[in-house]
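Below is one structure, written out as structure tokens; the observations come after it.
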Amino acid sequence: MKKDLVAIIEESLKKIGINAIPPLDVGVPPSEDFGDLSTPVAMSLSKLLKKPPKKIADELASCMLEKTILERIDIAGPGFINITFTKEYLYAELKKLLESGSVFLRENIGQGRRVQIEFISANPTGPLHLGHGRGGATGDALANLLKAAGYHVEREYYINDAGKQIRLLGQSVFAWYQKLLGVEYPAPEEGYKGGYIEEIAHEIVFKMGSTYIQKRFDEAGEFFIEYSYKKILSGIKEDLNAFGITFDTWQSEKELFESGEVSRAIEDLRSKEFVYEKEQATWFRATAFGDDKDRVIIKQDGENTYFTSDIAYHRKKIEKKYDELIDIWGADHHGYIPRIQAVIEALGYPKEKLKVLLVQMVTLLRGGKPVQMSKRAGEFVTLREVIEEVGADTTKFIFLTRRPDSHLEFDLEVAKAQSSENPVFYVQYAYARINSIFAHAQEKGIQADKISHADLSLLSHHEELRIIKKLLMYPMIFEGAVKAHEPHRITFYMQELSSMFHPYYNKCRIVTDDIALSRARLALCEAIRTVLRDGLEILGISAPERM
RNA sequence: GCGCCUGUAGCUCAGUAGGAUAGAGCAACUGCCUUCUAAGCAGUGGGUCAGGGGUUCGAAUCCCUUCAGGCGCGCCA
């Protein structure tokens, strides 16, 4: 719909002698009475052409008038050009939608370009919490969205299975293990304290007995570290499975060290003179690329920082020649962006190669009161608990009705209480309802194959035309969501479409004795179902056959 | 102190890359199930877009500033 109009406007602009065509702004007017689509192009050209907007609009309109798909062209307000399509055009486009389904709905914006999206990447030192859930829902939906738009998308989870935190995890479990066997052993300072630490220790006692009793940590540590993080990682994978999120690749940090990629990355930067020694430490010259200060990569004690492996990790990613890299981070890591972009540039790539999408913090509430969370103290509500309490679809939907950069209050009581009237069910119910209509139609003997040949011109009710127009706007919403990397636009569209379908259902009976009309209406339902399915699939939310 | 994000209806949030009369859900109130699913429908009320300046044909949106909240500013991750 938008594409056709843009083509017409461009052609008309040329006719009135404008060849340098600016990016055309086409949108939906504030009121349906104004028309189907609208453009302020006459106003934006006014200064350039030194003519009043209305005059330009008049000239454009007279060129556009000869187009047969346009029913009406109105010039309104300060110079808006409002256009209304003919019914014939709407029916023809609806027919295309019915015939080609997602091909019609999804603009091929990616053209096969390769994108990698890295998200969640929570340390395997404890279970996932709600913040990871938000990052997960967002990353997964964005991946689905870009894939639907013709990108070749890979989802990656980066596993921080090396370094200090993971050792601290092993020590925490080790201390519990000794304690369970009656040996007094000090828990590490700043160690992990959740109940899951004790559980893992129990498991080790059960499996290994007293093999490691009264050993020193540096004798037994490797076993405890490995066992613990692998256990936690498999728990994370189960949680992700319950949340309906999958990854294509899992990159281990440890492996980056073992394969020598970390040292190669450092040597690479050193050879470019972006790495130097100072005060018994090794530094990366981040200030050469606009960061506030240089950053340590090898500490005085000879240990690497987390940043060191991140350099190697991003080097590895960038050398895989993706067209675009997207990292999704919690907003508390925002200060880290200049540093990692400095790495990208130091490696000889434009910093735009990596896009970091920040997802804001989630405040978890129960009945309006904040739930205190501290990972190390072991006090937190896990993602799994939230999924079990309010449901995966509802949880995802709540995340996907917000912009990523909005601070989110997630009230467990509200999410649960609204459950029966939650907008997610409103959308899913529309889908289930349509299935039910089709089941009923089949009982009445209206065959599905006849629906595709329905006489769509019988869809003449005001409600029906509104719905058709809404359906035809989907590609436009889709395109906007893809370009802005904003899946939530799809969510809002889904709600709007559903809010047209339900009243229609109540007002106009779909299956009646009038076979021809029934077929036409079923065809419309089929189109709605197609769009709902497409949108829900992108959001990663289930489309239930019945409810 | 500096940096990033946020401030829109009682609550939770949208507002399409500056466009027309600022929207939705929830909550509140009134009606509707012998007909394809009432997780639905029809209707009512609800606003100093945090405050103040500026940019221009036009600002919730861009710039400056004040206020409020969140998060960062490690040889932690």
Side-chain angles (χ1 to χ4, degrees), chain A residues 23 25-31 34 38-40 43-44 46-47 52-53 76-80 82 123 125 160 163-166 168 190 279-283 292-293 295-301 303-307 310 330-338 358 360-361 363 368 398 401-411 414-415 417-426 428-430 432-441 443-444 473 476-477 479-481 483-484 486 488-489 491-493 495-496 499 501-507 509-512 518 521-522 525 546-547:
Chain A
D25 190 7
V26 169
V28 184
S31 162
F34 295 167
S38 163
T39 178
M43 275 133 62
S44 29
S46 166
K47 191 169 278 180
F80 290 100
N82 295 326
N123 286 357
T125 53
N160 291 101
K164 189 176 160 187
Q165 293 306 317
I166 215 80
L168 210 49
E190 304 280 305
E279 295 163 1
Q280 291 97 52
T282 304
W283 299 70
D292 295 338
K293 47 185 95 163
R295 307 290 174 176
V296 170
I297 52 179
I298 301 172
K299 299 188 263 181
Q300 281 185 352
D301 63 9
E303 290 231 33
N304 294 288
T305 63
Y306 59 96
F307 181 50
D310 264 2
D332 50 343
H333 289 69
H334 73 86
Y336 196 63
I337 295 176
L358 292 177
Q360 273 296 345
M361 305 283 94
T363 310
I398 289 172
T401 41
R402 271 107 173 136
R403 295 193 334 269
D405 54 7
S406 71
H407 301 255
L408 166 58
E409 293 198 352
F410 193 108
D411 192 315
V414 172
Q418 283 184 5
S419 239
S420 61
E421 299 187 20
N422 193 291
V424 70
F425 295 114
Y426 187 77
Q428 290 180 319
Y429 187 50
R433 216 173 206 182
I434 291 172
N435 286 324
S436 162
I437 294 169
F438 273 93
H440 182 255
E443 279 173 27
K444 287 265 181 177
M473 279 174 198
M476 187 173 140
I477 301 299
E479 183 189 353
K483 289 185 173 164
E486 290 181 352
H488 74 273
R489 295 190 194 189
T491 322
F492 282 89
Y493 173 88
Q495 294 187 72
E496 288 162 14
S499 78
F501 169 71
H502 288 301
Y504 173 57
Y505 170 87
N506 272 273
K507 194 167 180 179
R509 202 177 160 79
I510 312 297
V511 179
T512 60
S518 298
R521 288 183 170 172
L522 284 165
C525 287
R546 71 191 70 214
M547 287 171 74

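Residue numbering restarts at 1 for every chain, and letters A, B, ... go by the order of the sequence lines.
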Distance, P atom - from B:rG53 to B:rC49, rounded to whole angstrom: 13 Å

Would you mind pulling out the nucleotide paired to B:rC13, Watson-Crick or G-U wobble, both distances under 3.5 Å? B:rG23

Would you classify A:Pro30 as touching base, sugar-phosphate or nothing, given that sugar-phosphate means primed atoms plus P, OP1 and OP2, and contacts are heavy atoms under 4.0 Å? base

When rounded to the nearest Å, what value does the distance between P atoms of B:rG18 and B:rU6 take? 15 Å

Closest nucleotide among B:rA38, B:rA20, B:rA77 to the A:Gln165 side chain: B:rA77

Rounded to the nearest 0.5 Å, what separates atom CD1 in A:Ile297 from atom CG in A:Asn304? 8.0 Å

Using both distances under 3.5 Å as the test, list the Watson-Crick or G-U wobble partner of B:rA68, or none. B:rU6

Has A:Lys299 got more than 12 heavy atoms of other residues, nucleotides or ligands less than 6.0 Å from its NZ? yes

Classify the side chain of A:Asp310 versus the base of B:rA77 as yes if they form a donor-acceptor pair under 3.5 Å and no if they do not. no

What string of B, S and - do you get for nucleotides 3-12 of chain B, 5' to 3', if B is base contact, S is sugar-phosphate-only contact and - is no contact with any protein heavy atom under 4.0 Å? BSBS-----S

In whole angstrom, give the distance that lies between atom CG of A:Asn506 and atom P of B:rA42. 7 Å

Under 4.0 Å, heavy atoms only, any strand: does A:Ala441 hit a base, just the sugar-phosphate, or nothing? nothing

Say we look at B:rG70 and B:rC13: how far apart would their P atoms be, to the nearest angstrom? 15 Å

Separation between the C1' atoms of B:rA22 and B:rA42, rounded to whole Å: 25 Å

Under 4.0 angstrom, heavy atoms only, what part of the nucleic acid is A:Lys444 near: base, sugar-phosphate, or nothing? nothing

Can you classify the ring geometry of A:Tyr505 versus A:Phe501 as parallel (below 30°), tilted (30 to 60°) or perpendicular (above 60°)? tilted

Paired to B:rC32 by Watson-Crick or G-U wobble criteria (both distances under 3.5 Å) is B:rG40

Do we see A:Phe492 stacking on the base of B:rA14, given a limit of 5.5 Å between centres and 30° between planes? no

Taking atom types as they are modelled, would you say the side chain of A:Tyr306 forms a donor-acceptor pair with the base of B:rA77 within the 3.5 Å cutoff? yes

Taking a pair as Watson-Crick or G-U wobble with both distances under 3.5 Å, which nucleotide is matched to B:rU61? none

A:Phe425 side chain, from C-beta outward: closest of B:rG25, B:rA77, B:rA39: B:rA39

Across the strands shown, which category fits A:His488 at heavy-atom distances under 4.0 angstrom: base, sugar-phosphate, nothing? sugar-phosphate

Pick base, sugar-phosphate or nothing for A:Arg509, based on heavy-atom distances below 4.0 Å to the nucleic acid. base

Hey, which of these two, A:Asn304 or A:Ser499, hits RNA chain B nearer its 5' end, going by closest nucleotide? A:Ser499

Using Watson-Crick geometry (N1-N3 plus N6-O4 or O6-N4) or G-U wobble (N1-O2, O6-N3), each under 3.5 Å, B:rG47 is paired with none

Take A:Glu486 and A:Ile510, find for each the nucleotide of RNA chain B with the closest heavy atom, and name the residue whose nucleotide sits nearer the 5' end. A:Glu486

Determine the contact category for A:Asn82: base if any of its heavy atoms lies under 4.0 Å from a base atom, sugar-phosphate if only primed atoms, P, OP1 or OP2 are that close, otherwise nothing. base

Looking only at the side chain of A:Met43 (C-beta and beyond, no hydrogens), which of the listed nucleotides B:rG19, B:rA38, B:rC13 gets closest? B:rG19

Give me the distance, rounded to whole Å, that separates B:rC11 from B:rA28 when you measure between the C1' atoms they each carry. 12 Å

For B:rG15 versus B:rG25, give the span between their C1' atoms, rounded off to a whole number of Å. 15 Å

CD1 of A:Ile398 to OG1 of A:Thr491, rounded to nearest 0.5 Å, is 12.0 Å

What interatomic distance, in whole Å, is found between C1' of B:rA39 and the corresponding atom of B:rU48? 38 Å

Check every strand shown and say whether A:Tyr426 touches a base, only sugar-phosphate, or nothing at a heavy-atom separation below 4.0 Å. sugar-phosphate

Can you measure from CZ (A:Arg403) to CZ (A:Arg489) and round to the nearest 0.5 angstrom? 10.5 Å

Whole-Å gap separating P (B:rC76) and OH (A:Tyr336): 13 Å

What's A:Gln280 touching, base or sugar-phosphate or nothing? Going by heavy atoms closer than 4.0 Å. nothing

Within the 4.0 Å heavy-atom criterion, would you say A:Ala76 contacts the bases, only the backbone, or no part of the nucleic acid? base

At 4.0 Å (heavy atoms only), tell me whether A:Pro29 reaches a base, stays on the sugar-phosphate, or touches nothing. base

Rounded to the nearest 0.5 angstrom, the CD1-SG distance for A:Ile510 and A:Cys525 is 4.0 Å

Heavy atoms under 4.0 Å, any strand shown: does A:Phe34 hit a base, just sugar-phosphate, or nothing? base

Taking a pair to mean Watson-Crick or G-U wobble geometry with both distances below 3.5 Å, B:rC73 pairs with B:rG1

Parallel, tilted or perpendicular: ring planes of A:His502 versus A:Tyr429, cut at 30 and 60 degrees: parallel

State which of B:rU21, B:rA77, B:rC75 makes the closest approach to the side chain of A:Lys299. B:rC75

For B:rG51 and B:rG7, measure between their P atoms and round to the nearest Å. 13 Å

Have a look at B:rC11 and give me syn or anti from its glycosidic angle (syn if within 90° of zero). anti

Can you tell me how far P of B:rA14 sits from CD1 of A:Ile398, to the nearest Å? 13 Å

Which of these nucleotides, B:rA77, B:rC71, B:rC75, is closest to any side-chain atom of A:Asp332? B:rC71

Spacing between A:Tyr493 atom OH and B:rU16 atom C1', to the nearest angstrom: 14 Å

NA contact type, A:Phe307, heavy-atom cut-off 4.0 Å: base, sugar-phosphate, or nothing? nothing

Between A:Met476 and A:Tyr493, is any pair of side-chain heavy atoms under 4.5 Å apart? no

Taking B:rA20, B:rA77, B:rA14 as options, the one with an atom nearest any side-chain atom of A:Ser38 is B:rA20

